[in-house]
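Shown next, in structure tokens, is the structure this report addresses.
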Amino acid sequence: MRILHLKVEYKQKTGVAAWMLIVSTLLLLFFAANTASASQYGSPLKIVAFGTSLTSRGGWPQVLEKELGACLKQPVSIKIVALAGATSEWALSQVAWVTAEQPDIVLVELYANDAALDRFIRLSTSRTNIAMILDGLHAGAPQARIVVMAMNPVSGLRGWMRPFLDSYIAAHRQAAESRGMGFVDFRPAWFALPELERIEAIPDGLHPKPEKAGEIMATMLVRYLVRGLC
């Protein structure tokens, strides 16, 4: 009877061990498959688009997300931190929100409303603010690639309200380049359009139609960010 009991106990232990081996093997295969999938597609590239209504209702971040993802064959996630009518004064209070995302890339446009006469933001103040913003972004997200942008031309009444717009753009550009950060100027691409087409694309003189902004800006940004890889 003792021998029989030992045989039964041995079979039970052997059965449990076999089941444990099977379960362990299945788990290993499951995690291996998931790891291979993650390796194939890569981690999402995180971008923050930081700016004014030219970003918040611009349409181009959504197109960029799609086109850059297709180019890199990698998921791309774009978070928008932007506000219509925003100035660099507002942006100073948002730097921590941007860096909390721990982005890989930050795209910045914050000059357009600073340059408006009715905002009373002097050029020297705008220059100081953008310097503080860029330094804050770098300190909070040192891994991020920071790119300052000059958007589309401004015309009509909105252009008249911004007589020194080019000086504000130049100040923001200088702040970026002096820190070794990037700068992209979309205005030549807009000016390359026939005048009537450009006027139709920017009907209020300041805000481009989202589909046209996406067409021009997303294409240029993909080329700039990947440097000919696509």
Side-chain angles (χ1 to χ4, degrees), residues 47 49-68 70-71 78 80-88 90-91 105-123 125-127 129-130 146-177 181-228 230:
I47 299 175
F50 188 22
T52 68
S53 57
L54 297 177
T55 292
S56 67
R57 68 190 210 200
W60 60 268
Q62 293 81 1
V63 180
L64 176 63
E65 186 176 77
K66 180 179 179 181
E67 292 190 0
L68 187 58
C71 168
I78 298 185
I80 296 175
V81 180
L83 180 69
T87 67
S88 60
W90 168 83
I105 299 171
V106 184
L107 303 173
V108 183
E109 55 89 9
L110 290 165
Y111 62 85
N113 295 315
D114 281 16
L117 294 176
D118 60 343
R119 298 309 174 90
F120 305 106
I121 296 181
R122 299 173 61 179
L123 178 59
T125 302
S126 185
R127 183 184 291 112
N129 287 349
I130 192 63
I146 300 170
V147 180
V148 174
M149 304 180 295
M151 308 299 272
N152 49 275
V154 183
S155 62
L157 177 61
R158 287 177 167 84
W160 181 83
M161 288 292 294
R162 296 166 171 82
F164 307 111
L165 181 65
D166 288 349
S167 296
Y168 283 78
I169 293 173
H172 286 220
R173 177 174 189 163
Q174 193 276 333
E177 292 181 341
M181 298 174 181
F183 181 81
V184 177
D185 191 344
F186 301 106
R187 292 172 299 168
W190 287 101
F191 280 122
L193 297 175
E195 184 177 4
L196 289 178
E197 183 178 346
R198 186 172 68 251
I199 292 172
E200 183 180 350
I202 313 173
D204 69 355
L206 176 60
H207 302 97
K209 293 179 178 178
E211 61 273 17
K212 196 64 179 180
E215 177 186 327
I216 290 177
M217 296 176 56
T219 300
M220 284 187 65
L221 278 171
V222 170
R223 289 174 183 169
Y224 177 83
L225 293 173
V226 303
R227 300 292 188 182
C230 303

inquiry  = For Phe50 and Trp90, take the angle between the two ring planes, folded into 0 to 90°, and tell me which bin it lands in: parallel under 30, tilted 30 to 60, perpendicular over 60.
reply    = tilted
Please confirm whether the backbone N or O of Ile121 pairs with a side-chain atom of Asp114, one donor and one acceptor, at under 3.5 Å? no
Can Leu165 and Tyr111 be said to form a side chain to side chain contact (heavy atoms under 4.5 Å, CB included), step by step? CA-CA 8 Å; Leu165 181 65; Tyr111 62 85; 3.6 Å; yes
task: Please lay out, stage by stage, how Glu197 and Lys212 fare under the test salt bridge (Lys or Arg N to Asp or Glu O under 4.0 Å).
output: CA-CA 10 Å; Glu197 183 178 346; Lys212 196 64 179 180; 3.0 Å; yes
Leu54 and His207: side chain to side chain contact (heavy atoms under 4.5 Å, CB included), yes or no, with the steps?
CA-CA 6 Å; Leu54 297 177; His207 302 97; 4.0 Å; yes
Output for pair (Leu221 CG, Leu68 CG), nearest 0.5 Å, gives 9.0 Å
| request: Report yes if some heavy atom in the side chain of Leu110 is under 4.5 Å from a heavy atom in the side chain of Asn129; otherwise report no. | output: no
message = I'd like to know if the side chain of Arg119 reaches the main chain of Ala115, judged simply by a donor and an acceptor atom lying under 3.5 Å from each other, with no hydrogens or angles considered.
response = no
Tightest non-hydrogen contact, residues Asp166 and Arg187, listed as OD1-NH1, 3.1 Å
Correct closest heavy-atom pair for Ala213 and Pro208 would be CB-CB, 4.1 Å
*Candidate pair Val108 and Met181, rule side chain to side chain contact (heavy atoms under 4.5 Å, CB included), full reasoning*: CA-CA 11 Å; Val108 183; Met181 298 174 181; over 6 Å; no
Scanning both residues in full, the closest heavy-atom pair of Asp185 with Met220 reads O-CE, 3.7 Å
Correct closest heavy-atom pair for Pro210 and Gly59 would be CB-CA, 3.8 Å
Taken to the nearest 0.5 Å, the spacing of Leu107 CG from Ile146 CD1 works out to 10.5 Å
| said: Less than 4.5 Å apart, side chain to side chain, heavy atoms only: is that true for Met151 and Met217? | reply: yes
Between the OG1 atom in Thr219 and the CD atom in Glu67, the distance rounded to the nearest 0.5 Å is 4.5 Å
*How about Glu177: does its CD atom have over 12 heavy atoms from other parts shown lying under 6.0 Å from it?*
yes
Tightest non-hydrogen contact, residues Val154 and Gly159, listed as CG1-N, 3.5 Å
Quiz item: Any side-chain heavy atom of Phe191 sitting closer than 4.5 Å to one from Pro153?
Solution: yes
One should read off an interatomic distance between Ile202 CD1 and Leu193 CG, to the nearest 0.5 angstrom, of 8.0 Å
**OP:** Answer yes or no: is there a donor N or O on one side and an acceptor on the other, between the side chain of Asn152 and the main chain of Leu206, under 3.5 Å?
**Re:** yes
task: Ignoring hydrogens and angles, tell me if any N or O in the side chain of Arg158 forms a donor-acceptor pair with the backbone of Asp204 under 3.5 Å.
output: yes
N/O donor-acceptor pair under 3.5 Å between Trp60 side chain and Ile216 backbone: no
Do Val63 and Glu215 come within less than 4.5 Å of each other through their side chains, counting heavy atoms only?
no
- prompt: Do the side chain of Arg173 and the main chain of Phe183 share a donor and acceptor less than 3.5 angstrom apart?
  reply: no
Please answer whether the main-chain N or O of Leu123 pairs with a side-chain N or O of Tyr168 as donor and acceptor at a distance below 3.5 Å.
-> yes
So CD1 of Ile47 and CD1 of Ile78: to nearest 0.5 Å the spacing works out to 4.5 Å
### Greater than 12 external heavy atoms within 6.0 Å of Tyr224's OH
yes
| Would you call Val148 and Gln174 a side-chain contact if the rule is heavy atoms closer than 4.5 Å? | no
Nearest heavy-atom contact between Glu109 and Thr52 is OE2-N, 2.6 Å
So CE of Met149 and NE2 of His172: to nearest 0.5 Å the spacing works out to 12.5 Å
